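Notes follow once the structure below has been shown.
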Amino acid sequence: DADYNLKLSERRVEYVRDQLVAAGIDESRITVAAHGEVPAQDESVDSFALERRVSLNFYIEGSPSVASN
């Protein structure tokens with residue numbers, strides 16, 4: 001159900017945050033947001049996989065470059 005999916009999203013984003021912190025990134029520089037259930041575009045395996053994801057945006061100080069996933 002929707003509540004389960006939101007909690008799953010929260011655990012997923014917390015895991016990624018914890019991995020970034022373990023790699024040396026200051027936790028104060030990390031912002032997280034869990035979105036819960038989002039309908040897939042279609043019934044394909046790829047579509048379902050893309051809706052169960054974590055997106056990252058990296059901002060590099062002093063550089064106009066932005067890398068994102």
Side-chain angles (χ1 to χ4, degrees):
D1 68 355
D3 187 50
Y4 173 82
N5 283 324
L6 179 57
K7 289 178 183 174
L8 180 61
S9 293
E10 290 169 348
R11 288 195 312 266
R12 184 178 290 124
V13 75
E14 288 170 5
Y15 176 82
V16 172
R17 182 199 59 222
D18 292 346
Q19 294 302 304
L20 292 170
V21 170
I25 297 173
D26 189 321
E27 189 170 358
S28 68
R29 298 183 66 200
I30 302 170
T31 302
V32 298
H35 300 286
E37 186 172 1
V38 176
Q41 294 289 327
D42 56 48
E43 296 293 317
S44 72
V45 173
D46 289 339
S47 185
F48 283 117
L50 289 172
E51 295 304 328
R52 280 43 171 191
R53 69 184 184 280
V54 171
S55 296
L56 304 169
N57 294 320
F58 297 94
Y59 300 96
I60 302 168
E61 288 185 34
S63 172
S65 301
V66 176
S68 66
N69 176 8

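Below, each value reflects all heavy atoms present in this structure, side chains not excepted, and no hydrogens, waters or symmetry copies. If you're wondering where the values come from, they're calculated on a predicted model, not measured in any experiment.
When all heavy atoms of Val13 and Ala34 are compared, the pair lying nearest together is CG1-CB, 4.3 Å.
Separation of atoms CZ (Arg17) and CD (Glu10) is listed at 11.0 Å; rounding is to 0.5 Å.
Both Val21 and Ile25 are part of a single hydrophobic cluster, where members link through side-chain heavy atoms under 4.5 Å apart.
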